[in-house]
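One structure is given here, and the rest of the page talks about it.
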Amino acid sequence: VVSWNTLMSAYAKAGDMGVAQELFDGMPERNLVSWNALIAGYAQNGQSEKAFSIFSQMLASGARPDNTTLLSILSACTHAHSLDDSMVEQITSLARSANSVSVSTALLNLYAKIGRIKEAKEIFDRIPEKDLVTWNAMIAAYSQNRRPVEAIELFRVMQAMGFKPDSITMVSLIGSCSQMGALGLGEWVHAYIRKNSIELDVYLITALIDMYAKCGNLDRSHLLFSELHWKDLASWNAMINALAIHGKGDEALKIFSSMDLDGVLPN
RNA sequence: CUCGUCGCAGGC
């Protein structure tokens, strides 16, 4: 079984769900991990509907879902294009009774993605042993729902409780500063990043490029962009948008035409 | 052997 599971999840990770499904169907025996690997595969490949239908088959077969199953299903819900309310209620009631930090964090994230921020915060408050991922998820929830003030307030609480933030925390904070047009605060966060040697990855640099542009400091955006060596689609878009905001359409077009020289295709 | 958190733009 273990070898079949390993093989199946290798195909799932490679995005070949056709083969993964065939392996699952042809297995001499299945265990919980087999179900979990198949569901996780569909969830990770954006085929949420398939993940749900395998999940129902799993329940019908008498297998008991564990926390890993719930995490994959919650992830499928979070990335689904459309969700009916009865599905959400069913999954969330299962997830609420799981009493696990990771399941609660995934549930919090689902509520946030569907705009039910109040419920997300309730889940967050009830998690006794919050870890870094939990804090990051809630701060991101506020940032993504355009509630920058609450995001920053929660970061203060996180600090007061002695948690060390990472680059993911910083991306949400910088995003909040962009939304508020708060240059001073943005510069403070940038200084905090340097002082605490937080890793500057593409995500964080892109957030900084966007923040400086939206807060009126285009030169800093330019500088960060030129120092960024592995630019991806989002970082190019951020820089093009930065120039556009400042009325520099000609420069934006120039940057746009150098994208393909860098091997990135515009969207 | 399977699992939770992050950026730009666009669409609506």
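Sequence lines set the chain letters: A, B, ... in the order given, protein chains first and strands last, and positions in each chain run from 1.
- Side-chain proximity of A:N267 to the nucleotides B:rG4, B:rA9, B:rC6 is greatest for B:rA9.
- Side-chain proximity of A:A234 to the nucleotides B:rC1, B:rG4, B:rG7 is greatest for B:rG7.
- Ring pair A:W35/A:F24 is perpendicular by interplanar angle, where above 60° counts as perpendicular and below 30° as parallel.
- The distance from atom CG of A:L265 to atom C1' of B:rA9 is 15 Å, rounded to the nearest whole Å.
- Within 4.0 Å of A:V103, counting heavy atoms only, lies no atom of the nucleic acid at all.
- You'll find that the side chain of A:V33 is closest to B:rU2, out of B:rU2, B:rC6, B:rC8.
- Between the C1' atom of B:rC3 and the CD1 atom of A:I39 lies a distance of 12 Å, rounded to the nearest Å.
- Regarding contacts with the backbone of B:rG4, every side-chain N or O of A:K130 stays at 4.0 angstrom or more from both OP1 and OP2.
- Between A:Y192 and A:F155, the ring planes are perpendicular. Angles over 60° get that label, and only those under 30° would be called parallel.
- One N or O donor and one acceptor, one from the side chain of A:D131 and one from the base of B:rG4, sit under 3.5 Å apart.
- Relative to the side chain of A:V2, the nucleotides B:rC1, B:rC6, B:rG7 differ in distance, and B:rC1 lies closest.
- Residue contacts shown for A:D201 are absent, as no nucleic acid heavy atom lies under 4.0 Å away.
- Between A:K113 and B:rG4, a side-chain N or O to OP1/OP2 separation shorter than 4.0 Å is absent.
- Comparing B:rU2, B:rA9, B:rU5 against the side chain of A:I168 picks out B:rU5 as the nearest.
- A distance below 6.0 Å separates the ring centres of A:H190 and A:Y212.
- Here the nucleotide nearest the side chain of A:S102, chosen from B:rG4, B:rU2, B:rA9, is B:rG4.
- One can place CG of A:L228 at 17 Å from P of B:rG7, the figure rounded to the nearest angstrom.
- In this structure, CD1 of A:I240 is placed 10 Å from C1' of B:rC8, rounded to the nearest angstrom.
- Taking the side chain as every heavy atom from C-beta outward, A:N5 and A:N31 approach each other to under 4.5 Å.
- Using a 4.0 Å heavy-atom cutoff across all strands shown, A:T134 reaches at least one base atom of the nucleic acid.
- Regarding A:N45, its CG atom lies at a distance of 14 Å from the C1' atom of B:rU2, rounded to whole Å.
- A cation-pi geometry, defined here as NZ or CZ lying under 6.0 Å from the six-membered ring centre and within 45° of its normal, holds between A:K231 and A:F225.
- Among B:rG4, B:rG7, B:rC1, the nucleotide with an atom closest to any side-chain atom of A:T6 is B:rC1.
- Side-chain nitrogen and oxygen atoms of A:N241 include none within less than 4.0 Å of the OP1 or OP2 phosphate oxygen of B:rC8.
- Of the candidate nucleotides B:rG7, B:rU5, B:rC1, B:rU5 has the atom lying nearest to any side-chain atom of A:N109.
- Rounded to whole angstrom, the span from the CE atom of A:M158 across to the P atom of B:rC6 amounts to 14 Å.
- Here the CD1 atom belonging to A:I255 is positioned 5.5 Å from the CG atom belonging to A:L243, to the nearest 0.5 angstrom.
- Computed from coordinates, the A:L154 CG to B:rC6 P distance equals 15 Å when rounded to whole Å.
- The side chain of A:Q44 places an N or O atom within less than 4.0 Å of a non-bridging phosphate oxygen (OP1 or OP2) of B:rC3.
- Between A:I117 atom CD1 and B:rU5 atom C1' there is a gap of 13 Å when expressed in whole angstrom units.
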